[in-house]
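Each chain gets a letter, A, B and so on, in the order the sequences are listed, and its residues count up from 1.
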There are 2 protein chains.
Amino acid sequence: MKVTALIMAGGKGERFWPRSRKNNPKQFLCLTGDGKTMIQQTVDRILPLVAMEDIYIATNKDYKKLVRQQLPELPEENILCEPVGRNTAPCIGLGAVHIRKKYEDAIMLVLPSDHLIKYKGMFLTVLQDAIKVAEEDNNLVTLGITPTAPETGYGYIKFNPGTIQGRAFAVDCFVEKPDTAKAKEYLESEEYMWNSGMFVWKASTILASLEKHLPKIYEGLLRIEETIGTEDAEAVLNGVFDTIPSESIDYGILEKEDHIYVLPGTFGWDDVGSWLSVERMKPLNDSGNVVEGNAMTVNVKNCIIEGSDKLIAAIGIRDLIVVDTEDATLICTKDSTADIKKIVENLKICNREKYL
Amino acid sequence: MKVTALIMAGGKGERFWPRSRKNNPKQFLCLTGDGKTMIQQTVDRILPLVAMEDIYIATNKDYKKLVRQQLPELPEENILCEPVGRNTAPCIGLGAVHIRKKYEDAIMLVLPSDHLIKYKGMFLTVLQDAIKVAEEDNNLVTLGITPTAPETGYGYIKFNPGTIQGRAFAVDCFVEKPDTAKAKEYLESEEYMWNSGMFVWKASTILASLEKHLPKIYEGLLRIEETIGTEDAEAVLNGVFDTIPSESIDYGILEKEDHIYVLPGTFGWDDVGSWLSVERMKPLNDSGNVVEGNAMTVNVKNCIIEGSDKLIAAIGIRDLIVVDTEDATLICTKDSTADIKKIVENLKICNREKYL
């Protein structure tokens, strides 16, 4: 069966402020230091499996220009612009109707645009395994990550070790982000995986689920599908997204469906969820620091310092994240990264647009 | 007797890097936020006692232009340019021979250019008391500060509570910077004062002491004195400073002399010795922070943040000093301020002149 991909690239990446900005969010940044942006890496790594013309990018309309700049070989009509963010269910549905319109049916890889995957060959192998499971019996397949720590920032998937389809376990249930105690329990039980937000299914399968569980969204998607390629397309898309509810694919579909399988991903995944992930992406020096750019340190330990043009002179500091950009410098303790969004909120409240 | 003043302004102010730079050190900066630089404040506060034409500024020749800019009413010939720093004894001697040349003899106030004095009226009263003591019996008078903490960064003066001259105690001995245990002992004994580095004496008195205890320096000073106002002045000054030894007035004279008195200064003195003194100069907000310039904070406590044009976003940090300037940002724990000089040293070693 034809294999297509939908890459979701509508996020604002506020957790990577001040590098990530409203007009240039995380997925369009080069965070790993290899010269490619996150979205370019995402496309590159699936090209052995999916032709460029079968890759769709769902993004906010404000980012269309960035997508075209960074992915010049992608057909323009494959950039699906959400007029407004309505969470993952409408976004994935939008991709599915485009794919149905073009191919009647096809396998659809659903991938975030801002994750890091270290072992690209293994990733392709896992995707191929997932495709096999998705082709059979209208299964919905998610890629799970074997937990290595009691993370409270991820959703968890409880799998059923006794029911196997190919290389996938049947999903018992999806679990929302746990507290630390629960996360420890999940980790120790060895019956949970992290929900990576990567999915594999047939367009027909997910559309059937949307019709069943989210009929209002599905109706809207049908109207969009009818006008694809016509002059009414944009107006209808705008009208539908204006009125349909926001819904996540996890909560709206996956938690309610059966025939869901989870494939353990062992491909060095990182969701690059905060500045802390820089430590996982880049080598530490002898003092446990990641120091880049124009920086000088004296007695600095376990810090992440991302310098820019200005000289950063750091003395005696511990467990801090320092990120310098042209017009803003972040100085944040490692256990306060969740509060970066408070700075972004404050900037919005104070109308300091230039820093957003 | 005529009252003159010698203001010592040759310091490099490295402890105030990155605001203080080689070409614009601390004494020429406005650190208190009242629009006047440290040296301007120093001159202003003694004008009720000393005429502008009787104020001498001893400084490095590189700073002559800055002195002229900041003190345009000061006669140019009152700027005494040291060709090279030789510590305080030659510096004070240079001032003394200029004063002797002009007035034969006069009272000489010796003052650093970079201290803060909160109670200016009381300061003038203490100076007047000191002048009285200095006029009698060729006494050397130092201004002492009653310790309020076991500071290890100052020299201490042990005074003799039983021997009083006017409002001054006789000095028992001078003590070098102590360790914390010693400093605590001094504080509790109530028989010590901090050495403020401010002195009052007759030019004739200090020159007699220089002749007695530092004859090589005194010989050089005599040669300089002979050529003041002649075309040979600069060459002789350069030649003498090139060959005379470095010596501090404390070690070279005061520790060896008798007839030394210390006047307790109760005028709100601060030597503005490091970024920590910013907390004493400026009001703290409810979280114990001093925050200035373009800065935004979330859960920040007991920090000093001196912003500049760039936005400083600080999250979760404690007990840090953050100083942003046009080309460099310092991030330093409060107990690491002594290491700022290591950054300056590193910059010298790396030939990064633009940051010095």
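For B:Leu320, the part lying under 4.5 angstrom from a heavy atom of chain A is the side chain only.
By number of non-hydrogen pairs under 4.5 angstrom with chain A, the leading residue of B:Val298, B:Leu311, B:Val322, B:Ile317 is B:Leu311. Between chain A and the residues B:Leu347, B:Ile340, B:Ile321, the most heavy-atom pairs under 4.5 angstrom are made by B:Leu347. Most heavy-atom pairs under 4.5 Å with chain B: of the set A:Gly316, A:Cys332, A:Ala313, this distinction falls to A:Ala313.
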Atom pairs (donor, acceptor) spanning chain A and chain B, under 3.5 Å:
from	atom 1	to	atom 2	distance (Å)
A:Asn294	OD1	B:Arg352	NH2	2.5
A:Asn294	ND2	B:Tyr355	OH	2.9
A:Lys310	NZ	B:Asp324	OD1	2.8
A:Lys310	NZ	B:Asp324	OD2	3.3
A:Lys310	NZ	B:Thr325	O	2.6
A:Leu311	N	B:Asp327	O	3.0
A:Leu311	O	B:Thr329	N	2.7
A:Ala313	N	B:Thr329	O	2.8
A:Ala313	O	B:Ile331	N	2.8
A:Ile315	N	B:Ile331	O	2.8
A:Ile315	O	B:Thr333	N	3.1
A:Asp324	OD1	B:Lys310	NZ	2.8
A:Asp324	OD2	B:Lys310	NZ	3.3
A:Thr325	O	B:Lys310	NZ	2.6
A:Asp327	O	B:Leu311	N	3.0
A:Thr329	N	B:Leu311	O	2.7
A:Thr329	O	B:Ala313	N	2.8
A:Ile331	N	B:Ala313	O	2.8
A:Ile331	O	B:Ile315	N	2.8
A:Thr333	N	B:Ile315	O	3.1
A:Arg352	NH2	B:Asn294	OD1	2.5
A:Tyr355	OH	B:Asn294	ND2	2.8

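By the 4.5 Å heavy-atom criterion applied to side chains, A:Ile331 and B:Ile315 are not counted as neighbours.
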